[in-house]
Visitor: 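There's a structure below that I have some questions on.
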Amino acid sequence: MNAIGSNRYTDAWRELGATLERPRAVLAVSAHWYVDRTAITVDPRPRTLHDFHGFPTALSEFDYPAPGLPELAHRVRDLLAPLHVEADPDRGLDHGTWSVLAHVFSAADVPVVQLSIDATRPRRWHYEIGRRLAPLRAEGILTIGSGNVVHNLARIRWAADAPPHAWAVRYNRTVRSLLQGGRHTELLDETEMDEDARLSVPSPDHFLPLLYVIGQRLDDDATTFPVDGVELGSIGMMTVRIG
């Protein structure tokens with residue numbers, strides 16, 4: 001619903017779009033393309049995917065007609081070689097991508113290419129993929145990871161004024177502190193998760209997009225948080241900016 005709503009999160013995303021140097025294109029990594037392979041969109045006119053149900057018609061009819069950029073897809077495949085990256089000519093942009101970009105680049109005039117998340121790989125692998133994609137920064141490409149540091153649908157509190165779970169607040173604070181200190185390796189070991197982490201990240205899909213972004217951090221980059229918070233008790237809305 002953030003795609004068609006207005007709140008402090010969407011306001012922050014719009015401000016980002018207004019203040020960022022305009023990129024040549026966006027490489028998006030969304031929690032909602034979580035499959036058993038690495039794939040990338042190559043359609044020069046990717047369609048808007050409405051990969052959900054039970055929401056208002058206005059959301060199901062929302063269109064984000066950003067162009068694709070096949071040459072960026074080819075560049076990503078070159079950077080990740082010899083890893084096989086499947087070129088997917090049919091995949092469009094899912095709501096994890098366009099619900100955020102609808103505010104960051106509301107005119108839909110910045111080309112967008114989407115990279116899948118390989119569900120068969122561990123956290124460290126995804127972080128290393130981010131590191132291998134770091135040269136894109138100097139080529140005018142903005143990488144956006146769309147997910148949630150805290151994401152537990154089973155523990156949602158549906159009241160609009162519901163307070164966040166204590167474990168969600170603690171884990172959100174822990175991750176923020178680690179990111180501020182550049183202590184990324186402590187986020188990569190999923191075998192040592194405490195109770196706060198297990199409740200906040202019951203499945204990896206929404207957490208992994210963050211690793212593609214922080215993997216591109218350079219030693220002198222600042223890590224900032226344009227907006228933060230936990231909504232509905234168990235949905236983290238932290239936005240992390242590198243550089």
Side-chain angles (χ1 to χ4, degrees), residues 8-31 38 40 69 72-73 75-80 83 96-97 100-101 103-105 110-118 121-151 171-190 197 200-201 204 206-230 236-243:
R8 66 190 186 96
Y9 305 109
T10 62
D11 289 347
W13 299 338
R14 285 181 177 273
E15 184 176 351
L16 268 177
T19 57
L20 286 171
E21 182 178 347
R22 181 182 171 87
R24 185 165 64 89
V26 166
L27 177 65
V29 181
S30 162
T38 302
I40 197 163
L69 189 64
L72 173 56
R75 174 64 173 145
V76 169
R77 297 178 79 194
D78 288 342
L79 286 171
L80 298 185
L83 174 70
T97 292
V100 176
L101 290 179
H103 299 286
V104 180
F105 301 120
V110 175
V112 182
V113 169
Q114 190 167 330
L115 180 68
S116 78
I117 299 174
D118 187 338
R121 308 285 191 165
R123 286 189 184 186
R124 185 171 294 276
W125 184 91
H126 297 282
Y127 181 74
E128 292 300 330
I129 291 296
R131 289 173 61 86
R132 290 167 64 180
L133 293 173
L136 293 175
R137 294 181 56 178
E139 299 170 19
I141 305 302
L142 173 66
T143 296
I144 291 181
S146 176
N148 307 87
V149 167
V150 177
H151 187 268
Y171 187 67
N172 194 71
R173 186 184 301 126
T174 294
V175 172
R176 181 171 176 142
S177 177
L178 292 173
L179 292 173
Q180 283 178 313
R183 294 155 58 194
H184 297 169
T185 56
E186 295 179 48
L187 297 172
L188 304 183
D189 187 356
E190 51 224 300
S200 298
V201 189
H206 278 74
F207 186 85
L208 293 174
L210 172 67
L211 304 185
Y212 289 78
V213 174
I214 66 175
Q216 297 191 27
R217 182 181 182 273
L218 304 176
D219 288 343
D220 58 349
D221 278 335
T223 300
T224 55
F225 304 88
V227 67
D228 199 354
V230 178
M237 296 296 292
M238 179 195 298
T239 295
V240 183
R241 178 179 178 179
I242 301 297

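None of the values given here were measured: they were computed from a predicted structure.
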Visitor: Main chain of Leu188, side chain of Arg124: is a donor-acceptor contact present, judged purely on distance under 3.5 Å?
Guide: no
Visitor: Just one of Arg241, Arg176, Arg8 clears the salt bridge (Lys or Arg N to Asp or Glu O under 4.0 Å) bar with Asp228, so which one?
Guide: Arg176
Visitor: Given side-chain contact (heavy atoms from CB on, under 4.5 Å), test Ile40 with Arg77 step by step and report yes or no.
Guide: CA-CA 8 Å; Ile40 197 163; Arg77 297 178 79 194; 4.3 Å; yes
Visitor: Could you tell me whether the side chain of Arg137 and the main chain of Gln216 form a donor-acceptor pair under 3.5 Å?
Guide: yes
Visitor: Could you tell me which residues satisfy side chain to side chain donor-acceptor pair (under 3.5 Å) with Thr10, sequence neighbours excluded, listed by chain and number?
Guide: none
Visitor: Could you tell me which residues satisfy salt bridge (Lys or Arg N to Asp or Glu O under 4.0 Å) with Arg75, sequence neighbours excluded, listed by chain and number?
Guide: Glu139
Visitor: Angle between ring planes, His103 versus Trp13, binned at 30° and 60°: parallel, tilted or perpendicular?
Guide: tilted
Visitor: Roughly how far, to the nearest 0.5 Å, is the CD1 atom of Ile214 from the CG atom of Leu178?
Guide: 9.0 Å
Visitor: Atom OG1 in Thr97, atom CG in Leu27: separation rounded to 0.5 Å?
Guide: 9.5 Å
Visitor: Does Arg123 offer a backbone N or O that forms a donor-acceptor pair with the side chain of Glu190 under 3.5 Å?
Guide: yes
Visitor: Backbone N or O of Arg121 within a donor-acceptor pair of the His126 side chain at under 3.5 Å?
Guide: yes
Visitor: Without swapping roles, check the side chain of Asn148 against the backbone of Gly236 for a donor-acceptor pair under 3.5 Å.
Guide: yes
Visitor: From Tyr212 OH over to Leu133 CG, what is the distance, rounded to the nearest 0.5 angstrom?
Guide: 8.5 Å
